[in-house]
S.K.: 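Have a look at this one.
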Protein chains: 2
Amino acid sequence: MDMTRRDIHNSEVPALCRSCEVRHKGMCGALTPDELLLLSKHTRQVQHTSGDELVGEGADVESYDNVMRGVVKLSKTLEDGRQQIVGLQFAPDFVGRLQAGESPMTAEAASDVEVCRVPRAMLERLVEQSPTLRKRLLEQALRELDEAREWMVTLGRKTAAEKVASLLLLIALHLDPEQKGEKRLFDLPMSRLDIADFLGLTIETVSRQMTKLKADGIITITANRHIEVLSLTRLKARCG
Amino acid sequence: MDMTRRDIHNSEVPALCRSCEVRHKGMCGALTPDELLLLSKHTRQVQHTSGDELVGEGADVESYDNVMRGVVKLSKTLEDGRQQIVGLQFAPDFVGRLQAGESPMTAEAASDVEVCRVPRAMLERLVEQSPTLRKRLLEQALRELDEAREWMVTLGRKTAAEKVASLLLLIALHLDPEQKGEKRLFDLPMSRLDIADFLGLTIETVSRQMTKLKADGIITITANRHIEVLSLTRLKARCG
DNA sequence: CGCTGATTTGATGGGATTCAAGTAGCGTGG
DNA sequence: CCACGCTACTTGAATCCCATCAAATCAGCG
């Protein structure tokens, strides 16, 4: 883990990627100062508002993004319109399918999002040059694979109640890892429809299960999106 | 793709890994002759019969396997026993979670299986030394991630009928990529229970859907496991 | 305030599970 | 060779969870 840290010399880290320092997971954290300098000339900080599409399903991959702030959702759609969200990317995740001409899924801003955008050719050159970056990308791919498989269990084997509890737990733990104790306070970065599409449910079922969690005193809900988890332990107990 | 081929010199490929040549996907195909020679001293060809556990969920990772023949299933289990299969590995896939002390899931022989087993330390040293091997492993991780996400759509959004059709199609296309035309003939490498655990269904539902596909003239079933797909087109049309 | 889209709540129906028999395939041993 | 038992699979009936359809309520905003 820590060997990647050698590459980082704070004084030389461009402002663009400053937030990468925080957790050492973004691609910038895997580069040497020289590479970072090179990179900084070709990257653009891009703002997206909720709902913006970063890459379409089947579209040509022209650039890659590093999430700096906000949440990006990855989704796939069947011909008849049924949709499934297949991943959520939080800062400082890397977004984009390497080694593929076209994106196998849609990437869309789930909340307001800030990304560090790199042209495809540029990133691929860097990947060739930097073993540390390749290692970083392999790490993320493996972590995402673990997450995808964990979620397959949720999709295939959990009840609606367990699914909703599992998602709330996932978000509570991802969005603000610093909060301690039994309680968590956060805004859902996604609509009821997004939640339904993530869990393989309908919005009505999601709503009913949320209401049930509220009625049972495990969470409170205000203004639809604002969630307070009153007892992480009891929430975990409902995740199946 | 083809740049990996440079590493292969047929005359020097140890017998152990000969079948790797066929499709250029196994780890052996990513090594130089020197590395292959080194590897061959530390690998063992291991036979497993259907049902054998290669690695348990949560068990320490002591070695990695390269599937040479047969099918390995990856599964995860909830505390109360509900099980979900999260992946199938066909030859010449690599099995084992890199960069993790313990396996996040169970790996089990779904059919009789032959693997090329490498001690953990050995493989990790090779990974450090061989950029081509790292690249190969990144490729597989990305491909598995694509497959996992594709399957999430199936688990979350497809009906039981579509799920069963999707699995039959998956297996038909994986097991024998050489067969051409509209028909496919193969033996299911897994029981009805395995299929149910893969699709997030019960064995009864799987059975009913198979019967329906048979009644509709899309497949024939003999001896439970022996499947003939009569029309790939019509099968695809049922995949949702 | 009144419009609009998002969410909740209610009533109903259907698809998948559950529970329960029944059947087929297969090795064993009489 | 066939009875026997075993396991895997199939089939049937009842139940239940979640989807669907419909309506009400809420939140945000000009």
Side-chain angles (χ1 to χ4, degrees), chain A residues 49-51 73 78 80-84 110-112 154-168 187-216 219-227 238 240, chain B residues 49-51 73 78 80-85 110-112 153-168 187-216 219-227 238 240:
Chain A
T49 57
S50 179
K73 69 178 194 202
L78 296 174
D80 64 2
R82 281 175 286 179
Q83 194 176 64
Q84 176 67 47
S111 62
D112 286 353
T154 300
L155 286 173
R157 287 303 182 198
K158 291 189 182 180
T159 65
E162 291 167 342
K163 285 179 177 179
V164 172
S166 299
L167 180 65
L168 291 179
D187 284 311
L188 283 176
M190 54 206 311
S191 69
R192 294 290 187 275
L193 181 58
D194 284 337
I195 296 175
D197 283 343
F198 197 20
L199 297 172
L201 298 171
T202 60
I203 53 174
E204 294 94 332
T205 300
V206 171
S207 176
R208 279 183 246 273
Q209 297 304 333
M210 300 267 286
T211 303
K212 193 154 192 303
L213 285 171
K214 186 172 61 174
D216 293 350
I219 61 172
T220 61
I221 308 176
T222 46
N224 289 336
R225 294 288 190 99
H226 197 67
I227 303 287
R238 295 209 173 201
Chain B
T49 57
S50 178
K73 68 179 195 202
L78 295 174
D80 63 2
R82 280 175 287 179
Q83 193 176 65
Q84 177 66 46
I85 294 182
S111 62
D112 287 352
V153 180
T154 300
L155 286 173
R157 287 302 182 200
K158 292 189 182 179
T159 65
E162 290 167 342
K163 285 179 178 178
V164 171
S166 300
L167 179 65
L168 290 179
D187 284 312
L188 283 175
M190 56 206 310
S191 69
R192 294 290 187 277
L193 181 58
D194 284 338
I195 295 174
D197 283 343
F198 197 20
L199 297 173
L201 298 171
T202 60
I203 52 174
E204 293 94 332
T205 301
V206 171
S207 177
R208 280 183 247 272
Q209 298 303 333
M210 300 268 286
T211 303
K212 193 152 190 306
L213 285 172
K214 186 172 61 174
D216 293 349
I219 61 172
T220 61
I221 308 175
T222 46
N224 289 335
R225 295 287 191 100
H226 197 67
I227 304 287
R238 296 210 172 200

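Proteins get letters first, then strands, A, B, ... in listed order; numbering begins at 1 in each.
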S.K.: Checking contacts here: which listed nucleotide (D/dT11, D/dT20, D/dA19) is nearest the side-chain heavy atoms of A/L201?
M.R.: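 Side chain of A/L201 sits closest to D/dA19.
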
S.K.: Between P on C/dT17 and CZ on B/R82, what's the gap in Å once rounded to a whole number?
M.R.: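 Distance check: B/R82 CZ to C/dT17 P gives 13 Å.
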
S.K.: With DNA chain C as reference, determine whether A/I203 or B/E204 sits nearer its 5' end, using the nearest nucleotide of each.
M.R.: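 Upstream on the strand: A/I203.
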
S.K.: Please report the distance, rounded to the nearest Å, between CD in A/Q209 and P in D/dA19.
M.R.: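 These atoms are roughly 10 Å apart.
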
S.K.: Given the rule in the side chain to side chain contact (heavy atoms under 4.5 Å, CB included) test, do B/M210 and B/K214 qualify, once you have shown the distances and angles that lead to the verdict?
M.R.: CA-CA 6 Å; B/M210 300 268 286; B/K214 186 172 61 174; over 6 Å; no

S.K.: Tell me the interatomic distance from A/I195, atom CD1, to C/dA6, atom C1', rounded to whole angstroms.
M.R.: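 About 12 Å, once rounded to whole Å.
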
S.K.: Within the structure, does a side-chain N or O atom of A/T159 lie under 4.0 Å from either OP1 or OP2 of D/dC17?
M.R.: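 No, no such contact exists.
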
S.K.: Specify the residue among B/R225 and A/A161 whose closest nucleotide of DNA chain D lies further upstream toward the 5′ end.
M.R.: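 Result: B/R225.
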
S.K.: Got a donor-acceptor contact below 3.5 angstrom from the A/R157 side chain to the A/G240 backbone?
M.R.: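 Not at all, since once roles are kept as given, no pair shorter than 3.5 Å links the two residues.
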
S.K.: How long is the straight-line distance from CD of A/Q209 back to CD1 of A/I195, given to the nearest 0.5 Å?
M.R.: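 One gets 12.0 Å once the value is rounded to the nearest 0.5 Å.
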
S.K.: Take atom CG of A/D194 and atom P of C/dA6, then tell me their distance rounded to the nearest Å.
M.R.: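 Between P of C/dA6 and CG of A/D194: 11 Å.
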
S.K.: When you measure from the side chain of B/T205, which nucleotide among C/dT17, D/dC9, C/dT7 comes out closest?
M.R.: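 Between C/dT17, D/dC9, C/dT7, the one nearest the side chain of B/T205 would be C/dT17.
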
S.K.: Salt bridge check, B/D197 against B/K73: does any charged N sit closer than 4.0 Å to a carboxylate O?
M.R.: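 Result for this pair is no, no salt bridge flagged.
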
S.K.: A/S207 side chain to A/I203 main-chain N or O, any donor-acceptor pair under 3.5 Å?
M.R.: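 No; zero donor-acceptor contacts below 3.5 Å.
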
S.K.: C/dA16, OP1 or OP2 - any side-chain N/O from B/R208 closer than 4.0 Å?
M.R.: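 It does not, given that no N or O in the side chain of B/R208 lies less than 4.0 Å from OP1 or OP2 of C/dA16.
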
S.K.: Between A/E162 (CD) and D/dC18 (C1'), how many Å, whole number?
M.R.: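 My rounded result for the distance is 14 Å.
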
S.K.: In whole Å, what is the span from the CD1 atom of A/I221 to the C1' atom of C/dT9?
M.R.: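 Spelled out: CD1 on A/I221 to C1' on C/dT9 is 14 Å.
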
S.K.: What is the distance, rounded to the nearest whole Å, between atom CG of A/L213 and atom C1' of C/dT7?
M.R.: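 After rounding, the reported distance stands at 16 Å.
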
S.K.: In whole angstrom, give the distance that lies between atom CG of A/N224 and atom C1' of D/dA27.
M.R.: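 Interatomic distance, CG of A/N224 to C1' of D/dA27: 7 Å.
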
S.K.: Report yes if a side-chain nitrogen or oxygen of B/T202 is closer than 4.0 Å to either non-bridging phosphate oxygen (OP1 or OP2) of C/dT17; otherwise report no.
M.R.: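 Yes, such a contact exists.
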
